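Small disclaimer: the values here were computed from a predicted structure and weren't measured. The sequence lines fix the lettering, A, B, ..., with proteins before strands; numbering per chain opens at 1.
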Amino acid sequence: MKQELEKAYIPQDNEDKIYKIWEESGFFNPDNLVLDDSAPSYTIMLPPPNITAQLHIGHSCMLAIEDLLIRYRRMTGYRTLWLPGTDHAAIATQMVVEKKIFQETGQTRHDLGREKLLEEIWKFLRSTQATILHQTRKMGSSLDWSRVAFTFDDSRQNAVNRMFVDMYREGVIYRGERIVNWCPHCHSTLADDEVEYKEQQAKLYTFKYSKDFPISISTTRPETKLGDMAVAVNPKDERYQEYIGQEYKVDFCGQLLNIKIIADRNVESDYGTGALGVTPAHSMVDWQMAQANNLEIIKVIDEDGLIHEGFGKYSKLKAEEARQLINEELRVRGLMIAEDDLVNNLSVCYRCDTPIEPLPSKQWFVGVDKKLARLGGKSLKERALEAAKNKEITFIPERFDKRYQDWMENLHDWCISRQIWFGHAIPVWYKEEEIYCGETAPEGEGWRKDEDTLDTWFSSGMWTFSTLGWPDNYKDGLKIGDLAKFHPTQILETGYEILTLWVSRMVMMSFFALGEIPFEKVYLHGTILDKKGKKMSKSKGNGVDPLDAIEQYGADALRLSLLMGATPGNDSRYSEEKIEAKRNFINKLWNISRYILSSAKNDNLPPNPKTMADRWILSELAATRIKVKNKLENFEFSLAAEELTDFTWNKLADWYLEISKIEKEKDAILIYLLKNVLVMWHPFIPYVTETIWEQLEDGLLMVKQWPQDDLVIDEVALKEMTALQEIIIAIRNARSENKIEPGRKIKAIIKTSLPLESVELIKGLKTGISDLELVNTGEAPAGSIVVAMHNLDIYLLGAVDETKERTRLIKEKENLEKVIVGLRTRLSNEEFLAKAPTNIVDAETEKLNNYILELDKINKLIN
RNA sequence: GGGCGCAUAGCUCAGCUGGUUAGAGCACUUCGUUUACACCGAAGGGGUCCAGGGUUCGAAUCCUUGUGCGCCCACCA
């Protein structure tokens, strides 16, 4: 031991110090790891947090999982790269800054102007970015800071421009008019998945355009009817057959409309009147009908949510105001037939909650169905789907595979232009009718740059390769440098809520740029809810700052509490009690180490098992090592940690350390056990393990390799230890049941096949009885345990007596026989054999054989 | 409208491809300050695994129906 350890572990005294040592060691950077050239890479790209706000507890969960994966792989010989970064989150950031400025100065972005706003955004960004990176470090994240990236830094801007130009030249990116989701407040389009739906009370108005028009229609938005070009009915609807194809001129509240009656099978006959007024400019469905029927498109509502010029008294009114006026007019004219209450879903902006106006507008799109030569004639959508179908990309948990595929199958062209100021510029210039797309501005005068910016997912979709030096590291279809070393990445670990938003886009972008998958596996974690099971949000004020938790309990405790009791894809609740429990465990581990370090000489000798207890603990260690390894590689982090806890606390601390106080000379084994425990725990709780490691060995635990030596699982030792534990528990029980005060002289007669050395242990172990007399009769049959206690006054029959044990064994035997008969029946059933796959049959056969062996053993014990 | 998830001890949750007596943490009861640890130790109580039906030698686990929560997608004018 290099120095006396504190009585309790104080994370605050150690964590920052340790992080500094790690960082200065350079081992976060895979280039500095001491590895053969043949060492496989293991890469994770940190999903870049938005720089809109501080990290929340969900980020901590993400960091804990990814750091666990990375540290485990680093300790098993992989060239591990975990690359950090942040996301400029275009719309979100601009909104936050605008709101902040408005609150502070009352100014809008229009008052400020483009340049000043961007300046403010950059100022804001620099401060939040620093906070976020600080929080990320505090979690103990072993990220390679030398490669830190930002979705909007120079390299990423170059990559984005290049990508846009490439896609444009291949015809994947195109400009088109389309109904888009328009947010009148953000003044920008929204992608389909940026639209949210809110249930609201609304009115369904049923009316006729005019007295002489034969069909009544229903709508919740009469004001848009100013732009109606048609009335659509279901082709099978008998009520309207005679009208289909007719055209009418109507005076709708003072606006002259040409209404054609068209048939469309999307119209449902039993909704409302079964007739639908077609407003091509303000409804997605209507737009499609208009395309199919060659209808003219008249815009009624403008980008501010106001009625356009040319609609008489309605012009310049807000949509809702116009609606009231028109309703009034319809009532006056006696055309309003019904006003029914109705609950419908209002689409609102996911950022500002403003109701969406569907508007036609010129936007840039990524065509997902465009067949591409570089993808063997497949489209991005087809290739991205295929990747999931072929299991080139797999999902954890598996059910998200289906969700990914469903979403992909229904994917429409992706609108990538946004009418906001903060974001990647669209590398397009216009001159009259001419369009130029290129990485740099075109030569000559009179070119006007496209003022829009790109959807934030366009740049984050490139995250796996824009961070690795694409496009510079991609020459003539060959990856070089970092890109060759680290792409495709191994795991994308993120929250399930952005599976569609982000994951799907990364897949398409990677296929376009590199023709390969961006990652092999997608691990999706759940959401951390608050104590009551509600989503944490800023507005509710129920969020938790990870730094507070770290300050109080330490980063290790927070990490462990987030890793344990959580399963992939399922939400879990934040619980301070849980963090406290993990803090307590960490302190236990600390004290285990303190004891071992203070009592055992650290001579670095190989473990030298001498007694049954030694063989037992090494067998338990061997079993634990295998289980932990399997569970970690199977993404069962919680179960892995449970195995480790069980070994560390219930086996090592509760039994072996106590035994070591009686049987001496276990130094080599104790040190060996401690090192193994620290190595296995390190990916979960890196700080405390590294802190203890400093006392044990030179060199960092962080890069210590998992032990390769083979340990034997000694079945006899396991059995004997179980027997010993049962005896001790029986004595303790007998003592407490019979209320024997400590210190009372007691004689216990123990009949057991255990070696005498083991029986001697009982005297020293926590039986709560001093002055215990033992008699080992050595007569009992193998494996059976008989305890009889005897003091000078009272004769006690122990908790486990011979008959009890015998009944237990007989019951076990009966159960086994039943199972064996059952399995035999199945395995001789021809129908089953014909239907079941061979591996199932093999597994069942193996099970049967094991049960038979087990039964043999029991039979031997009973006879 | 379509899809997914969850329902197991008082609470929060584990429980893989069905297999012998269903686990953990917290909480609770009793006991204990033996020099690693009270952020501790020992012993213990507590579960018709949501309900009905089915498959099976055997079901918390598979199938089906229902109930109650939660989420996602589409959106009906």
For A/Gln12 and B/C39, give me the distance from atom CD to atom P, rounded to whole Å.
15 Å
Looking at B/C39, B/C16, B/U20, which one has an atom nearest to any side-chain atom of A/Leu816?
B/U20
Ring centroids only, cut at 6.0 angstrom: are A/Tyr209 and A/Phe252 within range, meaning strictly under it?
yes
Write down the distance between NZ (A/Lys582) and P (B/A14), rounded to a whole number of angstrom.
13 Å
What integer number of Å spans the P atoms of B/C40 and B/G25?
12 Å
Heavy-atom pair of closest approach, residues A/Trp407 and A/Ser504
CZ3-OG, 3.1 Å
A/Lys225 side chain, from C-beta outward: closest of B/A77, B/G5, B/G19
B/A77
For A/Leu639, which contact category applies under a 4.0 Å heavy-atom criterion: base, sugar-phosphate, or nothing?
sugar-phosphate
Between A/Ile596 and A/Gly822, whichever has its closest RNA chain B nucleotide further toward 5' is A/Ile596
Taking the same atom, P, in B/U55 and in B/U61, what whole-Å distance lies between them?
15 Å
Using the P atom as the reference point in each nucleotide, state the distance between B/C73 and B/C26 in Å, no decimals.
38 Å
Can you tell me how far C1' in B/G23 sits from the matching atom in B/G66, rounded to whole Å?
29 Å
A/Asn584 side chain to A/Glu580 side chain, donor-acceptor N/O pair below 3.5 angstrom
no
Report yes or no: is there a donor-acceptor pair, N or O only, under 3.5 Å between the side chain of A/Glu658 and the base of B/A36?
yes
Nearest-Å distance once atom P is located in both B/G15 and B/C75
35 Å
Residues at least two apart in sequence or cross-chain that pass side-chain contact (heavy atoms from CB on, under 4.5 Å) with A/Arg323, listed by chain then number, are A/Tyr205, A/Arg221, A/Pro222, A/Glu223, A/Asn327
Choosing from B/A36, B/C4, B/C26, which nucleotide comes nearest the side chain of A/Ala581?
B/C26
Identify, with sequence neighbours excluded, every residue that meets salt bridge (Lys or Arg N to Asp or Glu O under 4.0 Å) alongside A/Lys601.
none
Across the strands shown, which category fits A/Val821 at heavy-atom distances under 4.0 angstrom: base, sugar-phosphate, nothing?
nothing
Pairs in or reaching into residues 629-650 of chain A: which pass salt bridge (charged side-chain N to carboxylate O under 4.0 Å, His left out), with residues at least two apart or in two chains?
A/Lys627-A/Glu643, A/Lys629-A/Glu633, A/Asp646-A/Lys651
Let me check I have this right: for RNA chain B, each base becomes ., (, ), [, ] or |, based on Watson-Crick or G-U pairs with both distances under 3.5 Å. What is the full string?
(((((((..((((.....[...)))).(((((.......))))).....(((((..]....))))))))))))....
To the nearest Å, how far apart are A/Glu409 CD and B/C72 P?
22 Å
Taking the six-membered ring of A/Tyr595 as reference, does the cationic atom of A/Lys661 (NZ for Lys, CZ for Arg) lie under 6.0 Å from its centre and within 45° of its axis?
yes
Confirm from the modelled atom types if A/Arg583 and B/C39 form a donor-acceptor pair under 3.5 Å, side chain to base only.
yes
Take atom P in B/C16 and the same atom in B/A7, then report the distance between them in whole Å.
11 Å
Round to the nearest Å and state the distance from A/Tyr496 atom OH to B/G5 atom P.
13 Å
Counting only side-chain heavy atoms from C-beta out, which of B/A36, B/C37, B/U20 sits nearest to A/Tyr851?
B/U20
Show your working on ring-ring contact (aromatic ring centres under 6.0 Å, His included) between A/Trp681 and A/Phe585 and close with a plain yes or no.
CA-CA 12 Å; A/Trp681 269 118; A/Phe585 169 75; 4.9 Å; yes
Residue pair A/Asp571 / A/Tyr496, side-chain donor-acceptor N/O under 3.5 Å
yes
Look at the side chain of A/Glu636 and decide which nucleotide, out of B/C40, B/A36, B/C16, has an atom nearest to it.
B/C16
Below 3.5 Å, does any donor atom in the side chain of A/Lys661 face an acceptor in the base of B/A36, or the other way round?
yes
Closest approach to the side chain of A/Arg403, judged atom by atom: which nucleotide of B/C72, B/C76, B/G41 is it?
B/C72
When the P atoms of B/C71 and B/C31 are compared, how many Å lie between them, rounded to an integer?
47 Å
Using heavy atoms and a sub-4.0 Å distance, could you list which residues of residues 557-579 of chain A are near RNA chain B? By number, please.
A/Gly565, A/Thr567, A/Asn570, A/Arg573
How many whole angstroms separate atom CH2 of A/Trp655 from atom C1' of B/A42?
10 Å
Would you mind telling me which of B/A77, B/C16, B/C71 lies closest to the side-chain atoms of A/Thr219?
B/A77
Tell me every residue that passes side-chain contact (heavy atoms from CB on, under 4.5 Å) with A/Asp13, counting only those two or more places apart in sequence or in another chain.
A/Ile10
Is the distance from OP1 or OP2 of B/C73 to the nearest side-chain N or O of A/Asn410 less than 4.0 Å?
no
Distance in angstrom units between A/Glu497 CD and B/C73 C1', rounded:
15 Å
Taking CG from A/Leu848 and P from B/U20, how many angstroms apart are they, rounded to a whole number?
15 Å
Considering only side-chain heavy atoms of A/Thr220, which listed nucleotide, B/A77, B/C39, B/C37, is closest?
B/A77
As a test of reading the structure: which of B/G41, B/G19, B/G3 is closest to the side chain of A/Lys402, going by heavy atoms?
B/G3
Under 4.0 Å between a side-chain N/O of A/Trp649 and OP1 or OP2 of B/G41, yes or no?
yes
Nearest to the side chain of A/Lys588, which nucleotide is it out of B/A14, B/A77, B/A36?
B/A36
Taking the nucleotide of RNA chain B with the closest heavy atom to each, which residue, A/Asn634 or A/Gly277, is nearer the 5' end?
A/Asn634
Answer yes or no: does a side-chain N or O of A/Lys535 lie under 4.0 Å from OP1 or OP2 of B/C72?
yes
Could you go step by step and tell me if A/Val819 and A/Arg824 meet the side chain to side chain contact (heavy atoms under 4.5 Å, CB included) rule?
CA-CA 8 Å; A/Val819 174; A/Arg824 280 214 174 107; over 6 Å; no
To the nearest Å, give me how far apart NZ (A/Lys627) and C1' (B/A14) are.
15 Å
Output, in order, the C-alpha distance, side-chain angles, deciding distance and verdict of ring-ring contact (aromatic ring centres under 6.0 Å, His included) for A/Phe637 and A/Tyr523.
CA-CA 12 Å; A/Phe637 314 130; A/Tyr523 178 99; 5.4 Å; yes
Side-chain H-bond candidate by donor/acceptor type, A/Lys225 with A/Thr279, under 3.5 Å:
yes
Tell me what A/Tyr9 touches on the nucleic acid: a base, only sugar-phosphate, or nothing, going by heavy atoms under 4.0 Å.
nothing
Integer angstrom distance from the P of B/C6 to that of B/C63:
12 Å
